[in-house]
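Computed from heavy atoms alone, side chains included, the values below leave out hydrogens, waters and symmetry copies.
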Amino acid sequence: QVQLVESGGGLVQAGGSLRLSCAGFGIILRSKTMGWYRQAPGKQRELVAIITSGWTNYADAVKGRFTISRDNAENTVYLQMNSLKPEDTAVYYCHAPSPIGGYWGQGTQVTVSS
């Protein structure tokens with residue numbers, strides 16, 4: 001049974017910070033290209049950040065504010081979010097690849113007040 005479990009979302013004021021976690025169960029994340037996505041109401045799900053064994057990349061909207069990282073010993077991927085803006089409000093999802101379309105977590109809500 002493969003499961004990705006996100007945590008760390010919540011309500012925060014603009015300018016504040018949150019750290020999201022994505023823990024893998026029944027799956028080894030070490031060698032996988034992992035992504036954080038987000039989806040706001042009425043919008044397409046969009047890629048926020050990606051991490052491989054050797055590099056990271058970010059959507060322009062979050063570049064310089066968010067940092068994706070991983071702790072292979074904990075089988076966990078993180079998203080550190082600083083200088084949060086109201087437009088960052090969304091459900092944030094963790095993604096791992098698979099031969100049949102990938103795995104998604106259930107999501108964690110991030111709400112940023114002005």
Side-chain angles (χ1 to χ4, degrees):
Q1 184 73 37
V2 173
Q3 191 175 18
L4 300 176
V5 180
E6 301 101 333
S7 61
L11 176 64
V12 65
Q13 292 181 330
S17 298
L18 288 171
R19 188 176 77 156
L20 307 184
S21 299
C22 171
F25 298 89
I27 180 173
I28 301 299
L29 305 184
R30 170 172 24 88
S31 64
K32 293 182 169 55
T33 298
M34 301 293 297
W36 281 100
Y37 293 72
R38 67 186 182 187
Q39 188 166 22
K43 291 189 175 181
Q44 193 93 4
R45 189 171 298 187
E46 64 177 351
L47 178 66
V48 176
I50 190 168
I51 185 167
T52 71
S53 296
W55 51 266
T56 59
N57 203 7
Y58 301 89
D60 288 342
V62 308
K63 198 168 297 182
R65 299 187 296 120
F66 291 10
T67 303
I68 188 171
S69 62
R70 67 200 308 162
D71 185 336
N72 291 328
E74 296 294 327
N75 206 39
T76 299
V77 178
Y78 302 96
L79 185 67
Q80 178 68 46
M81 305 185 295
N82 298 326
S83 302
L84 282 162
K85 305 175 180 180
E87 50 262 46
D88 296 319
T89 295
V91 179
Y92 284 71
Y93 297 91
C94 180
H95 178 269
S98 79
I100 195 168
Y103 301 105
W104 293 96
Q106 293 182 340
T108 184
Q109 176 72 49
V110 172
T111 303
V112 184
S113 62
S114 60

Worked verdict on Arg70 versus Tyr78 for side chain to side chain contact (heavy atoms under 4.5 Å, CB included): CA-CA 6 Å; Arg70 67 200 308 162; Tyr78 302 96; 5.9 Å; no
Please tell me if the side chains of Gln109 and Thr89 come closer than 4.5 Å, counting only heavy atoms from C-beta onward. yes
State, to 0.1 Å, how close Ser114 and Ala14 come at their nearest heavy-atom pair, and which atoms those are. CA-CB, 4.3 Å
Nearest heavy-atom neighbours spanning Gln106 and Tyr93: O-CE2, 3.5 Å
Flag if over 12 foreign heavy atoms under 6.0 Å of NZ, Lys43: no
Can you tell me how far CZ of Arg38 sits from CD of Glu87, rounded to the nearest 0.5 angstrom? 8.0 Å
Running the 4.5 Å side-chain criterion over Ile, Leu, Val, Met, Phe, Trp and Tyr, what cluster does Leu79 land in, apart from itself? Val2, Leu4, Val12, Leu18, Leu20, Ile27, Leu29, Met34, Trp36, Val48, Ile51, Tyr58, Val62, Phe66, Ile68, Val77, Met81, Leu84, Tyr92, Tyr103, Val110, Val112
Going by ring pair (Phe, Tyr, Trp, His ring centres under 6.0 Å), name the residues that satisfy it together with Tyr37, two or more places apart in sequence or in a different chain. His95, Trp104
Within a strict 4.5 Å, meaning less than it, do heavy atoms of the Trp55 and Ile50 side chains meet? yes
Side-chain donor/acceptor of Glu6 to backbone N/O of Thr108, under 3.5 Å: no
For Ile28 and Lys32, the nearest pair of non-hydrogen atoms, with its separation, is O-NZ, 3.0 Å
Checking Asn82 against Ser17 for the side-chain hydrogen bond (donor to acceptor under 3.5 Å, both in side chains) test, could you report, in this order, the C-alpha distance in whole Å, the side-chain angles of both residues, the deciding distance, and whether it holds? CA-CA 4 Å; Asn82 298 326; Ser17 298; 2.9 Å; yes
Between the side chain of Arg65 and the main-chain N/O of Ser83, is any donor-acceptor distance below 3.5 Å? yes
From OG1 (Thr111) to CD (Gln13), nearest 0.5 Å: 13.0 Å
If the threshold is 4.0 Å, N to carboxylate O, is there a salt bridge linking Lys85 and Asp88? no
